[in-house]
Amino acid sequence: MADVAARFLAATELLSSAGVPLPRVERHSFGEQVWVLLEDLGPRTVFDQWEAGDLSPAALDRCLTEAMAHIDRIQLLPPDSVHALGSPPLDRDLLRTELDLTWERFLEPRGLVRNATLAERLRSLCNAVCERLGSATPVPCHRDFMVRNLMLRAPAREGAEPEVVVIDHQDLRLGPPHYDLASLLNDSLKLSAGQRRGHLAVLGEDVEELALYHAALAQRMLKIVGTFAHFAALGDDRHLPLIRPALRRFVDALDVLAEGRELAPRLRREWAAFTAEAPGEPA
């Protein structure tokens, strides 16, 4: 664990220098037992509070806006310093490799790619999406920037808003533009399409930037389907309810991309049992 702890502390120092709020490191040891003692921010993430109904829509929007400002700070980090942390870049090869788990743990076991033609077209499409992402100039990214990795720190003064704090940041690395944004607005979080559009206004009308966002969204959503299915196979099934909306958002993202627009309707039709909205589930 010494290497993991060292990378965590180095990432903490780098992010803190950019003004990204993190849990304070109280003490640490690289002795016979390796440990890091962090500030206690409580037991619940922003996701937990939102799911429990303890955050109003306005409070959640404020958290997301603040988190997006953190993404901007992360992306201003020197790329060489981020690369020196040692985590492999989220390049086209790693992006493709991540999707293999989804094939093995979810798509194949459930017969979603038993049609050879469909499987071949989907593989080709995923490769094209990863190629688009890998061709863009990489930027520093958290790599798992979503509401389950955000917490709230009590305000220092009465009447102030809680501060949004980033956790699980030891995998800081170089990755595709807008990868963190796609994760923040979609991974585990049930937002309406209107809420997402409001936060996406930050990208303006730039066609290429929006395409990079939707490519990152497509890869990320299909990737986490495999991750959640893998967790369930290991005995942790609490993320299974998040698979259906993630798979649906994957198909929706393809609809926006030139390379995916033709295949998306077929996937939506043939995967209807796994992508249709459950009763009472937000779009």
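Here, residue 1 is the first one in the sequence, and each next residue gets the next number.
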Report task. Could you pull out the closest heavy-atom pair between Arg44 and Met151, with the gap in Å? Result -> O-CE, 3.3 Å

Requested in this report: Please name all residues satisfying side chain to side chain donor-acceptor pair (under 3.5 Å) with Asp72, sequence neighbours left out, ordered by chain then number.
Outcome: none

Query raised in the report: Within the side chain of Arg132, is there an N or O that forms a donor-acceptor pair under 3.5 Å with the backbone of Leu212?
Result: no

Query raised in the report: Judged by atom type as modelled, is there a donor-acceptor pair below 3.5 Å linking the side chain of Arg153 to the main-chain atoms of Leu22?
Result: yes

Report task. Return yes if some donor-acceptor pair links the side-chain N/O of His70 with the main-chain N/O of Val164 below 3.5 Å, else return no. Result -> yes

Requested in this report: Determine whether more than 12 heavy atoms belonging to other residues, nucleotides or ligands lie under 6.0 Å from atom CD of Glu108.
Outcome: yes

Requested in this report: Dump the intermediate steps for side-chain contact (heavy atoms from CB on, under 4.5 Å) on Phe8 and Val36, then the final yes or no.
Outcome: CA-CA 9 Å; Phe8 178 88; Val36 179; 4.2 Å; yes

**Report entry** More than 12 heavy atoms from other groups under 6.0 Å of NE2 on His83
**Finding:** no

Query raised in the report: Thinking salt bridges, do Asp252 and Arg249 make one under a 4.0 Å N-O criterion?
Result: no

Query raised in the report: Ignoring hydrogens and geometry, is there a side-chain-to-backbone donor-acceptor pair from Glu163 to Pro21 under 3.5 Å?
Result: no

Query raised in the report: Got a donor-acceptor contact below 3.5 angstrom from the Arg196 side chain to the Leu191 backbone?
Result: yes

**Report entry** Expected output: side-chain Arg7 to main-chain Gln170 donor-acceptor under 3.5 Å
**Finding:** yes

Side chains of residues 136-147: which donor-acceptor partners sit under 3.5 Å, not counting sequence neighbours?
residue : atom : partner : partner atom : Å
His142  : ND1  : Asp144  : N            : 3.0
His142  : ND1  : Phe145  : N            : 3.3
His142  : NE2  : Ile167  : O            : 2.9
His142  : NE2  : Asp168  : O            : 3.2
Arg143  : NH2  : Glu98   : OE2          : 2.1
Asp144  : OD1  : Arg220  : NH2          : 2.4
Asp144  : OD2  : Asn149  : ND2          : 3.4

Query raised in the report: Would you say the side chain of Leu257 lies within less than 4.5 Å of the side chain of Leu125, judging by non-hydrogen atoms?
Result: no

Query raised in the report: Considering residues, nucleotides and ligands other than Glu270, do more than 12 of their heavy atoms fall under 6.0 Å from its CD?
Result: yes

Query raised in the report: His239: what forms a ring pair (Phe, Tyr, Trp, His ring centres under 6.0 Å) with it, not counting sequence neighbours?
Result: Phe228, Phe231

Query raised in the report: Is the backbone of Glu120 close enough, under 3.5 Å, to the side chain of Ser124 for a donor and an acceptor to pair up by distance?
Result: no

Requested in this report: Decide yes or no for Leu60 and Leu189: does some side-chain heavy atom of the first lie under 4.5 Å from some side-chain heavy atom of the second?
Outcome: yes

Query - Pair Asp48 + Arg148: basic N to acidic O under 4.0 Å - result: no

Query raised in the report: Is a donor on one side and an acceptor on the other found under 3.5 Å between the side chain of His214 and the backbone of Leu210?
Result: yes

Requested in this report: Using a cut-off of 6.0 Å, state whether more than 12 heavy atoms not belonging to Asp3 lie near its atom CG.
Outcome: no

Query raised in the report: Are the side chains of Cys126 and Leu222 in touch, meaning some heavy atoms are under 4.5 Å apart?
Result: yes

Query raised in the report: For the atom pair CG (Leu14) and CG (Leu9), what is the distance rounded to the nearest 0.5 Å?
Result: 12.5 Å

Requested in this report: Spell out, as yes or no, whether a donor-acceptor pair under 3.5 Å connects the side chain of Ser183 to the backbone of Tyr179.
Outcome: no

Query raised in the report: Does a side-chain heavy-atom distance below 4.5 Å link Arg92 with Leu133?
Result: no

Query raised in the report: Hey, mind stepping through Leu99 and Gln219 against side-chain contact (heavy atoms from CB on, under 4.5 Å) and telling me if it holds?
Result: CA-CA 8 Å; Leu99 299 183; Gln219 194 279 342; 3.9 Å; yes

Query raised in the report: Would you say Val166 and Leu15 make side-chain contact, with heavy atoms under 4.5 Å?
Result: no

Query raised in the report: If you draw the axis of the six-membered ring of Trp271, does the NZ or CZ of Arg110 fall within 45° of it and under 6.0 Å from the ring centre?
Result: no

Query raised in the report: Is any side-chain heavy atom of Leu122 less than 4.5 Å from a side-chain heavy atom of Trp103?
Result: yes

**Report entry** Derivation of the side-chain contact (heavy atoms from CB on, under 4.5 Å) call for Asp255 and Arg268
**Finding:** CA-CA 10 Å; Asp255 247 339; Arg268 190 175 287 111; 2.7 Å; yes

Requested in this report: Assess whether atom CD of Gln33 is packed by more than 12 heavy atoms of other residues, nucleotides or ligands within 6.0 Å.
Outcome: no

Query raised in the report: Less than 4.5 Å apart, any side-chain heavy atom of Arg248 and any of Met221?
Result: no

Query raised in the report: Does Leu118 reach the side chain of Leu263, with side-chain heavy atoms less than 4.5 Å apart?
Result: yes

Query raised in the report: Looking at Lys223, Arg105, Arg123, which one forms a salt bridge (charged side-chain N to carboxylate O under 4.0 Å, His left out) with Asp100?
Result: Arg123

